[in-house]
Trainee: 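Quick one: the structure is below, questions incoming.
One-based numbering, in listed order, for ligands and for the atoms of each.
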Amino acid sequence: MSIIATDFIANTTCPYCGVGCGVSVNKKDNQITVKGNADHPANLGRLCVKGSSLHETLVNDNRLVTPKIHGEEVSWDQALTFTSDKFKKIINKHGSDAVAFYVSGQLLTEDYYVANKLMKGFLGSANIDTNSRLCMSSAVVAHKRAFGNDVVPGCYEDFEEAEVIVFVGSNAAYAHPIIFQRIVKAQKQKGTKIVVIDPRRTATCEVADLHLPIASGSDAYFFNGLLAYLYQNDYIDEVFIQNHCDGFDDAISAAMVETANIEDVALACKVNAKDIQTAFEWFAQNPKVVTIFSQGINQSATGTDKGNAIINCHLATGKIGKPGATPFSITGQPNAMGGREVGGLANQLAAHMDFANQSDVQYVSDFWQAQNMASKQGLKAIDMFNAVNDGKIKAIWIMATNPVVSMPNADFVKQALQKCELVVVSDCMSNTDTAKLADVLLPASTWSEKQGTVTNSERRISLQKGFIEPPGQAKHDWEIMCDFAKKMGFGEAFDYKDSHEIFVEHAKLSGINSSKNNAFDISNLETISKEEYLNFKPIQWPVTKQLPNGQKRMFCDGKFFTDNGKAKMIAIKPASPIHHLKKDQLILNTGRIRDQWHTMTRTGSVNRLHSHTPEPFVQIHPSDAQRLNIQDQQIIQLDNNSARFLAKAAIDEEQQMSMIFAPIHWSDAFASAARVDSLVPAIVDQLSGQPQFKSTAVTVSPFKAKWHGLLFCNSEVEISFDYWCKNLIHQSVMYTLADLCESEFAIRRVKNLFAHIKDWVSVKDAQTDHIRLAGFKGEKLELLLFISPDQTGLVDKNWPAKQIGESFTGVQRYQVLTGQDQSGAVDVGAIICSCFQIGENQIKQAIKEGCTTSEALGRVLKCGTNCGSCIPELDKIIQNT
Ligand SMILES: Nc1nc2c(c(=O)[nH]1)N[C@H]1C(S)=C(S)[C@@H](COP(=O)(O)OP(=O)(O)OC[C@H]3O[C@@H](n4cnc5c(=O)[nH]c(N)nc54)[C@H](O)[C@@H]3O)O[C@H]1N2
Ligand SMILES: Nc1nc2c(c(=O)[nH]1)N[C@H]1C(S)=C(S)[C@@H](COP(=O)(O)OP(=O)(O)OC[C@H]3O[C@@H](n4cnc5c(=O)[nH]c(N)nc54)[C@H](O)[C@@H]3O)O[C@H]1N2
Ligand code: SF4
Ligand SMILES: [Mo]
């Protein structure tokens, strides 16, 4: 890592979630630290656990630092000549639609702008789609149907203004922690009522006044029911409807068909009618309601309709465009919103313009002086990979996303890429599951090295700043594409000096929207100087001559971006996914955990982020577990789609019956069989193309391992057991193991794997079948292996993990095989507070000694006093102890 110049303080933006927190980076005495930027309006100084560990991701052994062709290191010139020759040949022979880009909401706006311009304006196809298809595309369509444009109406201040907050399909305590903390603070100050609609009882529910554990996918029944209730009980804002909405009568008629009675809603949602009534009353009786929706809504075969069912209720009551009153689709990735602005989706043009409108296509083409302008929409993500599989797409370039892990039907995606003539992958990491399939692997710079803007959930544009030189030969994504464009013969149009120039062009292009009745217009930023750009002041679009300081809320005047200026209520026919479950099947729901980011390529390198949830798990209700003969923490197997998934059972009443939950994060780089999307088929919303990730019937069975093991060593190895999972803990790499083979084979396999170790010490207890093995190099402990026929016979992991690399002589070499500190100190237990590494056992002890609030625990143990992400769990442990 080469750090720029001397000491500095740099203001930048967090690269993780769509909250878009401002981060202050401080370099002093060769040490980099991060803290929340108190001046950034998104977080006002706070950071969650992921944000506050950003400095720990700056050094990473798995960085990709040189371009490679078929695994061989090459120069940039060779890599891009090879790639452009292939692209030219394929386009000449098979046409422009034989090539594709699959990009990401984690690209910066400037990268994204260049990718979109290159594909749609110069390569001549609109085959550029993004992982935002998996994330926000249903919300985009819902917004366009209702408002005429893809616009999030509200702002974060609305969370503090609101009297009622409804979280629907959002586990903000984990996924949008700083928004969650803002809301909890407001709740403490003024008693905001919080409703959570989620089949699971999540950490977000810890602060809920009401939790509705609805049946999987039944949300549209709830919101249609709410609309019918509002109508029947005279809560409609007649004047607003009259002046500002179309489609009211049809939407009401549709809502009255199946959901006119609360009892019917309760039946469809499988929750009790009284709670539904309470939620309806709170929505109806309080003028200031914010409905926050996320992937529990979007990731559904009818996600767009669900989005509109929510928006309908806000329109019908005029709860939009006012302080504290708005539907609010919160974005997942740091630049999910920016991608939409530049037209990163295959069915969009730049600056929110549309292929459906010939004058839009012409305008963009003229503006770019495009050599080969695409004239029609391209393929959406699922169709794109189908076309790769069918051989219709012969070259695909994947940037800043890991589809072999994150796409539904993930094994199919893997196969399609294996068959594809040319797979180019730009990533900052060398070892992702997708990078392993690349013909051409291009090293990209990443957060801390690259510079450019991102737009957060409240339309606020901020700068991610570069303050470290990229390692090795890594280049910025926009630079890589511009170099490629030059090789393709488009040099003039891609001759940018820096990201500032790209931003200026993007801002300029958006200026057309003032005459097109489109919301996205940041043309007032087209004159921004480089100096101003480098010190970018976070601002919410639109930013125009009339609105030079941006705009907090949209639709305050009741004007929408439709032809007649009125919002559209959409008649919704509610639907839930239908599953005919066999005896051993349950419905799989998937989502996020607190301390990991997506496929773990960044957060997976930080020890303390492993401590909260070290292994993949399947949350299962006690009665399902009992019926299927599953014990807590036992490895279980999920089957579907010809794929097998292995993870530990977490028996939990917070999970509803007939459903299970598994995290999305583990890839083949971190576990043997925990890519959850191998189980999920590609069923999509017909309007948006977004896949249904949250409701899949899978077969569930116990996995009957012959033995369980813990392996501690000092570096990563290519391991192959039926079950393994990799962790970073203290100074060691730890593998949790289990297998169907005999334990004797395991010993042999481990010894073969570590052939360089010659000095072994082992013990075997013939009675218990416990085997323990230590490997030394000189006095240094290189490896520890503990094997037991059952999991409970294994040692606590903290002490052994601290011994790797230490020196042992004489009898100590046997003592280390006990796996225990000879002083008898007690293990801290599962880590709850990642910041201060405070474990559950310590917390329980402190509660026994009199701490009855999370604040009191914070005073004694410091837990929860840094990022605050663990406070919901501290509260839960207090309740349960
Ligand atoms: N820690 C962490 N934070 C992240 C991310 C991360 O990887 N890690 N990723 C970011 C990204 S890209 C995104 S998109 C966001 C996603 O943020 P969220 O959408 O909040 O996260 P998820 O866990 O995917 O899903 C939210 C909830 O939807 C619920 N759900 C499932 N089915 C239904 C249903 O039928 N109805 C309802 N009402 N709820 C349902 C699930 O039980 C789950 O608790 O998180 C962002 N923040
Ligand atoms: N079952 C199920 N599946 C899901 C979801 C779910 O809830 N359930 N959620 C979906 C959603 S909402 C999302 S957003 C996706 C996320 O899924 P992905 O986008 O596949 O996940 P990431 O791990 O964030 O992938 C980002 C990649 O970009 C690399 N990278 C980081 N910075 C840079 C950079 O600056 N340049 C380049 N070129 N590369 C970089 C990282 O190393 C990593 O390999 O998963 C989707 N899949
Ligand atoms: S909430 Fe956490 S992950 Fe999201 S932007 Fe803020 S600090 Fe980053
Ligand atoms: Mo996402």
Side-chain angles (χ1 to χ4, degrees), residues 13-23 34 36 40 42-43 46-54 60 62-64 102-108 111 130-136 172 175-181 294-296 298-299 331-334 336 381 398-408 410 425-435 442-450 452 454 456-457 464 470 474-477 480 588-592 596-604 662-665 667 669 675-680 690-694 696 867 869:
T13 313
C14 176
Y16 296 122
C17 84
V19 181
C21 296
V23 179
V34 297
H40 198 289
N43 55 318
R46 278 170 289 218
L47 289 181
C48 79
V49 61
K50 294 187 299 306
S52 56
S53 59
L54 270 168
N60 192 315
N62 293 321
R63 280 301 294 269
L64 175 67
Y102 182 59
V103 302
S104 161
Q106 292 166 75
L107 287 177
L108 305 180
D111 301 325
T130 141
N131 63 357
S132 288
R133 182 70 59 199
L134 318 176
C135 181
M136 303 312 308
H176 297 90
I178 297 303
I179 285 181
F180 181 74
Q181 286 182 21
S294 189
Q295 301 312 344
N298 295 342
Q299 290 173 341
T331 51
Q333 297 179 90
I398 298 165
M399 296 173 216
T401 176
N402 196 358
V404 172
V405 187
S406 57
M407 281 276 290
V425 174
S426 309
D427 205 293
C428 48
M429 299 301 168
S430 58
N431 60 339
T432 75
D433 290 7
T434 305
L442 304 173
S445 64
T446 186
W447 185 82
S448 75
E449 301 149 9
K450 64 194 303 189
V454 290
N456 74 0
S457 292
Q464 273 190 25
K475 285 192 189 193
H476 307 315
D477 287 292
I480 300 173
L588 170 67
N589 170 16
T590 60
R592 284 147 180 85
Q596 292 296 347
W597 177 258
H598 293 165
T599 70
M600 293 166 61
T601 65
R602 287 186 74 109
T603 45
I664 61 171
H665 305 285
S667 66
R675 267 187 309 126
V676 78
D677 277 321
S678 62
L679 300 170
V680 177
Q690 178 156 358
Q692 174 156 291
F693 281 120
K694 301 259 187 274
T696 304
C867 75
S869 296

Trainee: Are Met399 and Tyr102 packed together at the side-chain level, in the sense that at least one heavy-atom pair is separated by less than 4.5 angstrom?
Mentor: no
Trainee: Does any non-hydrogen side-chain atom of Asn456 lie less than 4.5 Å from one of Cys21?
Mentor: no
Trainee: What's within reach of atom 6 (Fe) of ligand 3, meaning protein N/O/S atoms under 2.8 Å?
Mentor: Cys21 SG
Trainee: Using salt bridge (Lys or Arg N to Asp or Glu O under 4.0 Å) as the criterion, list what pairs up with Arg133, not counting sequence neighbours.
Mentor: Asp129
Trainee: Under a 3.5 Å threshold, yes or no: a donor from one side chain and an acceptor from the other, between Thr446 and Arg63?
Mentor: no
Trainee: Check Thr696, Leu134, Val676 against Pro408 for a side chain to side chain contact (heavy atoms under 4.5 Å, CB included) and give me the one that passes.
Mentor: Leu134
Trainee: Would you say that Leu54 contacts Pro15 through its side chain, given a criterion of any heavy-atom pair below 4.5 Å between the two side chains?
Mentor: yes
Trainee: When you compare the side chain of Asn402 with that of His598, does any pair of heavy atoms fall below 4.5 Å?
Mentor: no
Trainee: Applying ring-ring contact (aromatic ring centres under 6.0 Å, His included), name anything that partners Phe693, two or more places apart in sequence or on another chain.
Mentor: none
Trainee: Do Arg592 and Trp597 come close enough that some side-chain heavy atom pair is under 4.5 Å?
Mentor: no
Trainee: Compile the protein residues with any heavy atom at a distance under 4.0 Å from an atom of ligand 2; present them by chain, then by number.
Mentor: Gln106, Asn131, Leu134, Cys135, Gln295, Gln299, Gln333, Ala400, Thr401, Asn402, Ser406, Ser426, Asp427, Cys428, Met429, Thr432, Ala444, Ser445, Thr446, Lys450, Asp477, Thr590, Arg592, Trp597, His598, Thr599, Thr601, Ile664, Val676, Asp677, Phe693, Lys694
